[in-house]
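Before any comments, here is the structure.
Scope of the values below: all heavy atoms of this structure, side chains included, with no hydrogens, waters or symmetry mates.
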Amino acid sequence: MDGAPGRPAAGNLLAVCGIGRPDAFAKAVAREGTGAVELFSFPDHHPFTSADVARMAARAAGRSIVVTEKDAVKLEPLLGALASVPVHVMSDRFVWDWGEQVVRQRITAMVAEPRPT
């Protein structure tokens with residue numbers, strides 16, 4: 001897997017995920033990519049198998065695959081079957097629109113409070 005930060009490979013992509021909102025992931029991949037994106041989704045928290053990986057490889061049909069960080073962890077031990085298919089990991093980053101300082105202050109205060117023994 002290509003864990004280096006950056007954009008997905010150029011061209012058409014297969015977005016593979018086992019998350020609660022797969023359409024949002026496919027849209028994010030499309031925003032970052034340069035070609036058409038096909039979504040291949042599994043149920044949230046899916047325990048990937050070698051059969052799933054074989055299906056991904058067949059469905060990729062020469063395209064690169066993009067997966068979520070969450071799914072990359074589960075897929076990594078199974079990727080021997082995808083040796084000829086580039087697999088990229090798309091990272092999500094949380095960006096505050098507002099309220100970051102207040103939340104950080106509350107977390108800091110809670111951590112500093114003595115815990116009951």
Side-chain angles (χ1 to χ4, degrees):
M1 278 189 271
D2 178 5
R7 301 178 82 72
N12 298 334
L13 301 168
L14 180 64
V16 177
C17 64
I19 59 175
R21 294 180 55 220
D23 292 333
F25 175 65
K27 287 177 185 173
V29 171
R31 278 192 307 272
E32 296 296 321
T34 61
V37 174
E38 178 188 353
L39 175 61
F40 187 27
S41 65
F42 294 83
D44 197 12
H45 303 289
H46 182 71
F48 290 100
T49 65
S50 56
D52 294 331
V53 173
R55 288 176 40 217
M56 287 177 214
R59 191 130 171 208
R63 299 173 288 177
S64 292
I65 294 174
V66 180
V67 299
T68 67
E69 286 178 304
K70 172 185 155 184
D71 293 323
V73 172
K74 294 187 274 184
L75 286 166
E76 199 274 331
L78 303 170
L79 288 181
L82 289 176
S84 63
V85 181
V87 178
H88 303 274
V89 180
M90 185 166 197
S91 298
D92 248 348
R93 297 293 175 243
F94 186 80
V95 178
W96 293 89
D97 288 335
W98 53 270
E100 177 181 7
Q101 184 176 356
V102 171
V103 171
R104 289 188 184 279
Q105 287 171 343
R106 288 184 182 168
I107 290 171
T108 301
M110 287 174 61
V111 170
E113 288 178 12
R115 293 186 148 192
T117 56

For a quick test of reading the model, state the closest non-hydrogen atom pair linking [X] to [Y] and the distance between them.
X	Y	result
Val67	Ala72	CG2-CB, 3.9 Å
Met90	Ala28	CE-O, 3.3 Å
Ser91	Glu69	OG-OE2, 3.2 Å
Ala15	Ala26	CB-CA, 4.5 Å
Lys70	Gly18	NZ-O, 3.4 Å
Val16	Phe25	O-CE2, 3.7 Å

Apply side-chain hydrogen bond (donor to acceptor under 3.5 Å, both in side chains) to [X] and list each qualifying residue two or more places apart in sequence or on a separate chain.
X	result
Thr68	Asp71
Lys74	none
Asn12	none

Acceptor/donor pairs from residues 103-114 side chains to any protein atom, 3.5 angstrom cut, sequence neighbours excluded:
unit_1: Arg104; atom_1: NE; unit_2: Glu100; atom_2: OE2; d: 2.8
unit_1: Arg104; atom_1: NH2; unit_2: Glu100; atom_2: OE2; d: 3.1
unit_1: Thr108; atom_1: OG1; unit_2: Arg104; atom_2: O; d: 2.8

Problem - All pairs passing salt bridge (charged side-chain N to carboxylate O under 4.0 Å, His left out) where residues 10-22 contributes a residue, at least two apart - result: none
Practice task
Following the transitive rule for hydrophobic clusters with a side-chain heavy-atom cut-off under 4.5 Å over Ile, Leu, Val, Met, Phe, Trp and Tyr, establish whether Val66 and Leu39 coincide in one cluster.
Solution key: no
Practice task
Please assess Val37 against Glu32 for the test side-chain contact (heavy atoms from CB on, under 4.5 Å), listing each intermediate value before the final yes or no.
Solution key: CA-CA 10 Å; Val37 174; Glu32 296 296 321; over 6 Å; no
Handout entry: Partner residues of Trp96 under the ring-ring contact (aromatic ring centres under 6.0 Å, His included) criterion, sequence neighbours left out
Key = Phe94
Handout entry: Any residue meeting ring-ring contact (aromatic ring centres under 6.0 Å, His included) with Phe40, in chain and number order, not counting sequence neighbours
Key =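 In terms of ring-ring contact (aromatic ring centres under 6.0 Å, His included), with neighbours along the sequence ignored, Phe40 is linked to Phe42.
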Problem - Contacts of type salt bridge (Lys or Arg N to Asp or Glu O under 4.0 Å), residue Asp23, not counting sequence neighbours - result: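 Residues passing salt bridge (Lys or Arg N to Asp or Glu O under 4.0 Å) with Asp23: none at all.
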Exercise for the section: Check for a donor-acceptor pair, side chain of Thr34 on one end and backbone N or O of Gly11 on the other, with a separation under 3.5 Å. Expected result: yes
What donor-acceptor contacts under 3.5 angstrom involve side-chain atoms of residues 49-58, with partners at least two apart or in another chain?
unit_1: Thr49; atom_1: OG1; unit_2: Ala51; atom_2: N; d: 3.3
unit_1: Thr49; atom_1: OG1; unit_2: Asp52; atom_2: N; d: 3.1
unit_1: Thr49; atom_1: OG1; unit_2: Asp52; atom_2: OD2; d: 3.3
unit_1: Asp52; atom_1: OD1; unit_2: Arg55; atom_2: NH1; d: 3.4
unit_1: Asp52; atom_1: OD2; unit_2: His46; atom_2: NE2; d: 2.7
unit_1: Asp52; atom_1: OD2; unit_2: Thr49; atom_2: N; d: 3.0

Handout entry: Between CD on residue Glu38 and CG on residue Leu14, distance to nearest 0.5 Å
Key = 5.5 Å
